[in-house]
2 protein chains.
Amino acid sequence: MTSAEVNTPIRLVIVDDHPVVRDGLRGVFTGDPGFTVLGEAADGTEAIALIEHRGADVVLMDLRMPGMGGVEAIARLRRTAPGVRVLVLTTYDTDADVLAAIEAGATGYLLKDTPREELVRAVRAAHRGDSVLSPSVAGRLMGRVREPVRDVLSHRELEVLRLVADGASNRDAAARLFISEATIKTHLLHIYGKLKVRDRASAVAEGYKRGLLS
Amino acid sequence: MTSAEVNTPIRLVIVDDHPVVRDGLRGVFTGDPGFTVLGEAADGTEAIALIEHRGADVVLMDLRMPGMGGVEAIARLRRTAPGVRVLVLTTYDTDADVLAAIEAGATGYLLKDTPREELVRAVRAAHRGDSVLSPSVAGRLMGRVREPVRDVLSHRELEVLRLVADGASNRDAAARLFISEATIKTHLLHIYGKLKVRDRASAVAEGYKRGLLS
DNA sequence: GCGCCCCTCCACCGATCGGTTGATCAGAGG
DNA sequence: CCTCTGATCAACCGATCGGTGGAGGGGCGC
C-alpha cells in the first residue's frame, strides 16, 4: 500500500434498508484510516440524492429495498455520476439479480456472508476499477458464458410464464395477451426447452429457482 | 428502568452467518451498559455449543444459515437450556419460517429492517418473557388464527407438491411414492383446495410464495 | 364409541396440455 | 442482401389432467 492511498481515503456511501447492516458496515470502515464513510441511505432514492449531492468513490449497495431498488439506482448513477464505483452487497445470488445488477453497471457483486477483510479488499479493488465477484457469483457468470444466451427467456416468454404461474390456462393467457392460443403453446414449448423441463408446473418451479418469478 | 436492571446486564448471544450483521448487532448492544454480549456464532451448531457452555439470557437468532438452521437450534435449546429466550431476527417473513420458528419455541420474531431502538426494547421485553413480533409477522399470525388449520398442507400433500414441482406427472409421482395414481390425484385436488388454485402450475407458484417449496 | 382427518383406491368424463410440423412477418446485424 | 431471432398462427394427435362421486381403513381426541 502506498502513502498516497493513506493520504486520500476512499469516500464510501452505504446503502441498505436494514439499520443493523448499515451499522455493521460503518463499523468495518470507520476504524480504518483508508476510508471515510460519507453517509448512509435506506433505499435507492435516498442513495441517489446523497451521492449526487455529496459525491462518492465507492457505493456499497443492497439490491432489494423498499421503493427504488438497487438495480434502478445503479442504472441512474451510471448516467449522472459515472465515476462512482458501485459494489453490490446482497444476500441473494439468483441469476436474475446478478445479471440485472451487472448489466446496470455494477463494478462488483458480493454476498453478505463475505468476511470483513475480504470486504475491505474488495472496496479497495473496486476503487481501482477492478471487478470483484463472490465465488458463487463468479461461477454463475462463467456458466452464463459457457451456456450462451440460448436459455434466457425472452420478454414475451416471461410474460407467459408469469400468467401460467398465476393459474392461467393456455386459453386464459391467450386472452390476456390478445394473441392466439397456438402462440401461447409455442412460447411454452420454447420455455420448456430453455428451462429444460417438460411441463408448466416444473417450469414455474424452475422460474422461482432462477429468480425469474417472485 | 430500575437500578436492578443496570446492575445485572442482560447476557446476549448473537447468531448470524453474516459477519457484517454480527458486527452491527454487537455495536448496537456493546455501547449499552444494560447488555453484555457473551459471544457470537455463525450457525446453529456453533450457537448451541456456545450457549450450553457459557449460558445466555437472550439469543438473537437468524433462521437461514448453512449447516444447522435456526429452527433446529431453537428446538434443541428448548430442551437443553429452557431458560434461554430466543429472539428470531431474520429477513424472511414467509408463513413456513414464522410458524416453524414459533412452534419450535421462539420468544419473538423480528425482521431485520427493525430500527435499533426497537431492537433494544425487544430484547428487554424478551428477557422479561414477553412475546415480541414485527407488525407484518403479527399480521401473519392473526391471519392464521382467523383462517384455521384448514389450508395447511399435510406431510403427504407436501411430498406430492414437491414431486410435481420437480416435473413429475401423476403417474411418476405415484411410482415414486409407491401408491396409486388415483391417490395422487386426490392429494392434488386437496392441495388445490387448500392453496385456492386450480392447477398444478399455480399450486407450485403458491407453494413458493408461502415458503413451502424452495 | 363417535367424529374427524389423513391416506389410500376405483371409474368415468370432458377439458386441457404436450409435441410435432410447418408457416408468415418484422427487426437486428453481419 | 441475407441470416437469425422473436413473435405470431394453424391443424392434428395422443397423453395427461381436473372434476365428480364414491369407498374403506387407521389414528387421534373427546
Side-chain angles (χ1 to χ4, degrees), chain A residues 95-96 99 103 144-207 210 212-213, chain B residues 96 99 103 144-145 147-207 210 212-213:
Chain A
D95 276 26
L99 295 178
E103 274 172 33
R144 185 62 39 177
V145 173
R146 274 192 280 273
E147 194 82 36
V149 199
R150 188 108 76 256
D151 64 343
V152 170
L153 296 195
S154 72
H155 175 66
R156 201 54 158 173
E157 287 161 354
L158 192 56
E159 279 186 296
V160 171
L161 183 58
R162 286 210 189 94
L163 289 174
V164 167
D166 247 34
S169 68
N170 291 346
R171 191 170 305 160
D172 295 338
R176 286 210 236 172
L177 296 180
F178 305 106
I179 57 180
S180 124
E181 203 176 326
T183 308
I184 299 292
K185 294 181 64 172
T186 306
H187 285 316
L188 276 175
L189 290 177
H190 291 163
I191 292 171
Y192 299 155
K194 291 179 178 181
L195 300 187
K196 301 190 182 67
V197 295
R198 253 155 259 87
D199 58 60
R200 52 218 285 121
S202 48
V204 169
E206 190 63 26
R210 301 197 183 192
L212 306 172
L213 301 173
Chain B
L99 296 177
E103 273 172 34
R144 185 64 36 176
V145 172
E147 194 82 36
V149 199
R150 188 116 73 261
D151 62 346
V152 170
L153 296 194
S154 72
H155 175 66
R156 201 55 158 174
E157 287 161 353
L158 192 55
E159 278 186 297
V160 171
L161 183 58
R162 286 209 190 93
L163 289 173
V164 167
D166 247 32
S169 68
N170 291 347
R171 189 170 307 162
D172 295 339
R176 287 209 236 173
L177 296 180
F178 305 106
I179 58 180
S180 124
E181 202 176 327
T183 307
I184 298 291
K185 294 180 64 172
T186 306
H187 285 317
L188 276 175
L189 289 177
H190 291 165
I191 292 171
Y192 299 156
K194 291 179 178 181
L195 299 187
K196 301 189 183 68
V197 296
R198 252 156 262 87
D199 58 61
R200 51 217 287 121
S202 48
V204 169
E206 191 63 28
R210 300 197 184 192
L212 306 172
L213 300 172

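Keep in mind it's a predicted model, so treat the numbers as computed, not measured. So you know, we letter chains A, B, ... as the sequences are listed, proteins then strands, and number each from 1.
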request  = Show your working on salt bridge (charged side-chain N to carboxylate O under 4.0 Å, His left out) between B/E206 and B/R210 and close with a plain yes or no.
outcome  = CA-CA 6 Å; B/E206 191 63 28; B/R210 300 197 184 192; 2.9 Å; yes

Whether [X] contacts [N] is assessed here as follows: a side-chain N or O lying under 4.0 Å from the phosphate OP1 or OP2. Is that the case?
X      : N     : result
B/S154 : C/dC5 : no
A/H187 : D/dT8 : yes
A/S180 : D/dT8 : no

Interatomic spacing from [atom1] in [X] to [atom2] in [Y] - rounded to 0.5 Å:
X      : Y      : atom1 : atom2 : result
B/H190 : B/S154 : NE2   : OG    : 9.0 Å
A/H187 : A/Y192 : NE2   : OH    : 13.0 Å
A/I191 : A/L195 : CD1   : CG    : 7.0 Å

Would a 4.5 Å heavy-atom cut-off, applied to side chains only, mark [X] and [Y] as touching?
X      : Y      : answer
B/E159 : B/R176 : no
A/R171 : A/I184 : no
A/N170 : A/R200 : yes
A/D166 : A/R162 : no
A/L153 : A/V160 : no
A/L163 : A/D172 : no
B/L188 : B/E157 : no

inquiry  = At under 4.0 Å between heavy atoms, how does the protein contact nucleotides 16-22 of chain D? Give one character per nucleotide, 5' to 3', with B, S or -.
reply    = SSBBB--

request  = Report, as a single string ordered 5' to 3', how protein heavy atoms within less than 4.0 Å touch nucleotides 25-30 of chain C: B base, S sugar-phosphate only, - not at all.
outcome  = ------

Atom pair distance, as rounded to whole Å: [atom1] in [X] and [atom2] in [N]:
X      : N     : atom1 : atom2 : result
B/I184 : C/dT8 : CD1   : P     : 8 Å
A/L177 : D/dC9 : CG    : C1'   : 15 Å
B/H155 : C/dC5 : NE2   : C1'   : 16 Å
B/I191 : C/dT8 : CD1   : P     : 12 Å

note = Expected list for residues 156-167 of chain B near DNA chain D, using heavy atoms below 4.0 Å, is none

